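The structure appears below as structure tokens.
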Amino acid sequence: NAGVTQTPKFQVLKTGQSMTLQCAQDMNHNSMYWYRQDPGMGLRLIYYSASEGTTDKGEVPNGYNVSRLNKREFSLRLESAAPSQTSVYFCASSEARVSGSQGTQYFGPGTRLTVL
Amino acid sequence: AQSVSQHNHHVILSEAASLELGCNYSYGGTVNLFWYVQYPGQHLQLLLKYFSGDPLVKGIKGFEAEFIKSKFSFNLRKPSVQWSDTAEYFCAVNGKNTGFQKLVFGTGTRLLVSP
């Protein structure tokens, strides 16, 4: 049981390049999330997927797109990377809205992205 | 809108000192409260959580937190810290109005424990 996995661990991009961050969970969770972590700002929600087939914007969605490929996988795409997107990106998952876990989220190891 | 405040951005303690990290939230409905820890170079791990019942909750590694509803607070405590507690600590809240899905995080408190 690997929990939440993310690839790649590190990535360096040039301004304008595109890339996709991959996330997968093996806990049979319905909901998945993408956050970015910047110094002094905590974690900010980029997008989330309440269940397979649905996605919604979070606090900082501009410049990103997401795909909920299936129940296990939730990818984050940067179409044209900008230096302001230099950050550490975390994927998380949680059980369904109505469950005993009350939305407890479990996090992946993160992707450290640098945009030059 | 929901918000979480962690007033201590950096805390430096010696080993065996007692720890209390402040967390205050703003939310107008039923909430769940969480403390996560992030050790250097690692991902966030759940320390403890409060859903309902006894307002004093115990988590892993000797940590505990007390929910004081009247003060909208959920402070994290540990009687005696160790060097291995050096990490960043995040308080988070979700609310019934968003189906308990959107977690709102504080900006974090970076704890350094000197041996």
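Just so it is clear, the structure is predicted and the values come from calculations on it, not from any experiment. Naming convention: chains lettered A, B, ... in sequence-line order (proteins, then strands); numbering from 1 in each chain.
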Cluster link [X] to [Y], ILVMFWY, side chain under 4.5 Å:
{"X": "Leu33(B)", "Y": "Ile60(B)", "result": "yes"}
{"X": "Leu76(A)", "Y": "Val4(A)", "result": "no"}
{"X": "Val104(B)", "Y": "Val60(A)", "result": "no"}
{"X": "Leu19(B)", "Y": "Tyr50(B)", "result": "yes"}
{"X": "Val81(B)", "Y": "Trp35(B)", "result": "yes"}

Completion exercise
Looking only at Gln38(B), Gln45(B), Gln42(B), the option with the highest number of non-hydrogen pairs under 4.5 Å against chain A is Gln38(B)

Practice task
Could you list which of residues 82-91 of chain B have a heavy atom closer than 4.5 Å to any heavy atom of chain A, in residue-number order?
Solution key: Glu88(B), Phe90(B)

Fill in the blank from the handout: Those residues of residues 106-115 of chain B that come under 4.5 Å of chain A on a heavy-atom basis, listed by number, are Gly106(B), Thr107(B)

Practice task
Decide if atom CD1 of Ile12(B) counts as having more than 12 heavy atoms of other residues, nucleotides or ligands within a radius under 6.0 Å.
Solution key: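 At most 12 heavy atoms, drawn from other residues, nucleotides or ligands, come within 6.0 Å of this atom.
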
Problem - Arg44(A) atom CZ, neighbour heavy-atom count above 12 within 6.0 Å - result: yes

Fill in the blank from the handout: Applying a strict 4.5 Å limit to non-hydrogen atoms, the region of Leu46(B) in contact with chain A is side chain

Exercise for the section: Examine whether an atom of Leu43(A) lies under 4.5 Å from a heavy atom of chain B, and if so say whether it belongs to the side chain, the backbone or both; otherwise answer neither. Expected result: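 Both backbone and side chain.
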
Problem - chain B contact via Gln6(A) - which portion, at a heavy-atom distance below 4.5 Å - result: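 Contact with chain B: none, neither part.
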
Say you draw a straight line from [atom1] of [X] to [atom2] of [Y]; how long is it, rounded to the nearest 0.5 Å?
{"X": "Phe105(B)", "Y": "Tyr35(A)", "atom1": "CZ", "atom2": "OH", "value": "4.5 Å"}
{"X": "Lys49(B)", "Y": "Thr104(A)", "atom1": "NZ", "atom2": "OG1", "value": "4.0 Å"}
{"X": "Phe90(A)", "Y": "His43(B)", "atom1": "CZ", "atom2": "NE2", "value": "8.5 Å"}

Exercise for the section: Would you mind telling me which of Ala92(A), Pro109(A), Gly58(A) has the largest number of heavy-atom pairs within less than 4.5 Å of chain B? Expected result: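 The residue among Ala92(A), Pro109(A), Gly58(A) with the greatest pair count is Pro109(A).
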
